[in-house]
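Every chain is numbered from 1 and lettered A, B, ... according to where its sequence line falls, protein lines coming before strand lines.
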Protein chains: 2
Amino acid sequence: MPTAEREISRFQVFLQQQGLKLTSERSALLREIFETHYHFEADELLFRMKEKNVKISRATIYRTLELLVKSGLVRRVHLGEDHYHYEHVRRDSHHDHLICTTCGAVIEFHDPVLEARQLEICAKKRFTATFHNLQILGVCDACRRKGEQPDAPDRVKMIQVGALNLRK
Amino acid sequence: MPTAEREISRFQVFLQQQGLKLTSERSALLREIFETHYHFEADELLFRMKEKNVKISRATIYRTLELLVKSGLVRRVHLGEDHYHYEHVRRDSHHDHLICTTCGAVIEFHDPVLEARQLEICAKKRFTATFHNLQILGVCDACRRKGEQPDAPDRVKMIQVGALNLRK
DNA sequence: CTGCAATTGAGACTCTGTCTCAACTAGTGC
DNA sequence: GCACTAGTTGAGACAGAGTCTCAATTGCAG
């Protein structure tokens with residue numbers, strides 16, 4: 001469903017509020033982001049734009065991503081361990097991530113009970129939360145079935161290999 | 001309480017299991033880490049070692065930190081937004097972080113209810129969790145009291161400034 | 001005490017992300 | 001519609017975190 005138009009107009013409103021302009025580069029990027037699913041990285045975006053013969057510089061990508069994060073249309077998430085990852089925000093559907101350290105799979109989930117408890121904790125500490133970020137690292141069902149090595153040294157090696165996989 | 005000796009021997013056991021060696025550099029680093037409280041960064045460690053006239057290269061610091069993370073003596077955490085932060089693990093006292101985006105303060109907390117719920121979620125998804133990482137971003141009590149600007153444009157600016165502060 | 005595998009340091013390298021500045025536009029006001 | 005100007009762009013230099021290489025060194029098993 002290539003309906004990035006709604007998001008583009010939301011972005012335009014945001015830009016106008018800040019006295020900024022909607023350029024062709026910005027809308028091209030937004031279109032690319034909202035036509036793709038799930039998570040992406042800044043350099044991946046640069047590559048995809050090049051592939052489509054849309055000329056756009058790295059600086060502009062980073063600058064636009066910053067604006068998109070501020071506008072709330074895109075969210076920065078920590079997935080693997082490395083650098084930033086981004087995900088577009090369709091509605092206000094917040095979710096967290098289970099990350100398989102063996103195959104790198106990312107499973108999204110949303111749990112109202114968890115969210116509510118977090119707010120309770122913040123209230124107790126007189127902390128005004130604006131955002132949170134939860135990753136649970138471990139082994140997904142598929143990977144667990146494949147390799148069932150129980151002893152300690154092997155497990156360490158497995159984590160090592162998993163980390164490498166994560167870095168793509 | 002400068003009792004890094006217990007951790008050093010735990011590390012040695014780990015190293016031996018892996019067929020690795022305990023060098024003077026490694027124990028010096030471990031001592032430094034366990035004599036300090038709370039969070040630190042790799043380059044900060046490099047600087048502190050230089051200050052103490054303990055010669056140790058950047059490569060060795062990174063290599064040792066990797067081993068320490070694998071051994072479970074040190075944990076990698078995402079604090080601000082940038083790069084890695086580390087914290088030593090005294091016992092198995094896991095905790096999460098509230099991070100003030102205005103002043104950069106880090107408040108640790110631990111909540112068994114939250115942990116239990118996370119395990120329930122993993123069980124439901126047939127995911128075997130080994131570790132998790134939760135940061136709640138927001139404004140701490142002190143910062144909230146200081147600046148009480150309610151209107152929208154200012155809030156955006158505040159978040160912007162907060163992000164800058166975080167980067168030290 | 002010896003041999004050798006593991007480790008170290010120095011510095012080159014990579015990668016992500018930021019900054020600069022001259023050239024270029026969006027879009028407001030006329 | 002046109003001109004003006006503040007905001008934007010691209011190219012590439014730059015910065016900082018982290019990794020890699022390789023020759024020299026060292027821990028430690030035998």
Side-chain angles (χ1 to χ4, degrees), chain A residues 8-9 11-30 39-47 49-50 53-71 74 76-86 160 163-164 166-168, chain B residues 8-9 11-30 39-47 49-50 53-71 74 76-86 160 163-164 166-168:
Chain A
I8 291 176
S9 73
F11 191 39
Q12 188 164 27
V13 169
F14 169 82
L15 290 172
Q16 277 179 340
Q17 280 177 350
Q18 309 283 313
L20 306 176
K21 292 165 183 172
L22 179 67
T23 64
S24 62
E25 287 84 357
R26 286 176 181 170
S27 51
L29 258 185
L30 203 51
H39 311 98
F40 58 94
E41 306 170 26
D43 268 21
E44 180 194 331
L45 207 49
L46 178 61
F47 178 76
M49 298 311 274
K50 253 184 204 148
N53 289 315
V54 180
K55 273 203 65 156
I56 190 160
S57 72
R58 204 146 61 100
T60 299
I61 289 196
Y62 279 102
R63 283 186 288 230
T64 305
L65 280 174
E66 202 186 325
L67 282 174
L68 286 170
V69 168
K70 264 181 212 152
S71 76
V74 162
R76 242 178 189 170
V77 288
H78 289 295
L79 286 188
E81 288 277 330
D82 296 297
H83 49 281
Y84 296 145
H85 288 245
Y86 298 86
Q160 217 169 322
L164 284 172
L166 264 181
R167 325 190 72 232
K168 200 170 46 161
Chain B
I8 290 175
S9 72
F11 191 39
Q12 188 163 27
V13 168
F14 169 83
L15 290 173
Q16 276 180 341
Q17 280 177 351
Q18 308 284 312
L20 306 177
K21 293 165 183 171
L22 178 66
T23 63
S24 62
E25 287 84 356
R26 287 178 179 168
S27 53
L29 257 185
L30 203 51
H39 311 96
F40 60 92
E41 307 170 26
D43 268 21
E44 181 194 331
L45 208 48
L46 178 61
F47 177 75
M49 297 311 274
K50 253 186 203 144
N53 288 315
V54 180
K55 273 203 66 158
I56 190 160
S57 74
R58 203 146 63 100
T60 299
I61 289 194
Y62 278 103
R63 285 186 286 229
T64 306
L65 280 173
E66 204 186 325
L67 282 175
L68 285 170
V69 168
K70 267 182 209 149
S71 76
V74 162
R76 244 176 186 170
V77 288
H78 288 296
L79 286 188
E81 289 276 329
D82 297 296
H83 50 281
Y84 297 146
H85 288 245
Y86 299 86
Q160 218 168 320
L164 284 172
L166 262 182
R167 323 192 74 233
K168 197 170 52 165

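Remark: P of D:dT9 and CE of A:Met49 are 12 Å apart, rounded to the nearest angstrom. As a whole-Å value, the separation of B:Glu41 CD from D:dG16 C1' is 11 Å. Put simply, NE2 on A:His83 is 13 Å from P on C:dT18, counting in whole angstrom units. Note: OH (B:Tyr84) to P (D:dG18) measures 7 Å, nearest angstrom. In this structure, CZ of B:Arg76 is placed 14 Å from P of D:dA17, rounded to the nearest angstrom. In this entry the distance linking CG of B:Leu29 with P of C:dT7 reads 14 Å, nearest Å. Taking atom CD1 of A:Ile56 as the reference point, atom C1' of D:dG10 lies 10 Å away to the nearest angstrom. The nearest whole Å value for the distance from the CG atom in A:Leu46 to the C1' atom in D:dA11 is 13 Å.
For the ring-ring contact (aromatic ring centres under 6.0 Å, His included) test, residues two or more places apart in sequence or in another chain that qualify with A:Tyr86 are A:Phe40. The side-chain hydrogen bond (donor to acceptor under 3.5 Å, both in side chains) test applied to A:Gln16 returns no partner, not counting sequence neighbours. Partners of A:Thr60 under the side chain to side chain contact (heavy atoms under 4.5 Å, CB included) rule, at least two apart in sequence or in another chain, are A:Glu25, A:Ile56, A:Ser57, A:Arg63, A:Thr64. By the side chain to side chain contact (heavy atoms under 4.5 Å, CB included) test, B:Val13 pairs with B:Gln17, sequence neighbours left out.
In this structure the side chain of A:Glu66 never reaches within 4.5 angstrom of the side chain of A:Tyr62, judged on heavy atoms.
At the phosphate of C:dG9, OP1 or OP2 sits under 4.0 Å from a side-chain N or O atom of B:Thr60. Contact annotation: B:Tyr62 side-chain N/O to D:dT19 OP1/OP2 distance is not under 4.0 Å.
The heavy-atom pair separating A:Leu65 from A:Ala42 by the smallest distance is CD1-CB, 3.9 Å. The two residues A:Ile61 and A:Leu29 come nearest to each other via the heavy atoms CA-CD1, 3.9 Å.
The base of D:dG18 sits with one of its N or O atoms less than 3.5 Å from a complementary donor or acceptor on the side chain of B:Arg58.
Across the helix from C:dC1-D:dG30 to C:dC30-D:dG1, the helix axis at one end is tilted relative to the axis at the other end by 40° (nearest 10 degrees, each axis from five pairs).
Note that CD of B:Gln12 is 11.5 Å distant from CG of B:Leu20, once rounded to the nearest 0.5 Å. We find the CG-NZ distance between A:Leu67 and A:Lys70 to be 6.0 Å, quoted to the nearest 0.5 Å.
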At a cut-off of 3.5 Å, list every protein nitrogen or oxygen paired with a nitrogen or oxygen from nucleotides 22-30 of chain D, distance to 0.1 Å.
{"residue": "D:dG27", "atom": "N2", "partner": "B:Lys21", "partner atom": "NZ", "Å": "3.1"}
{"residue": "D:dG27", "atom": "N3", "partner": "B:Lys21", "partner atom": "NZ", "Å": "3.3"}
{"residue": "D:dC28", "atom": "OP1", "partner": "B:Leu22", "partner atom": "N", "Å": "3.3"}

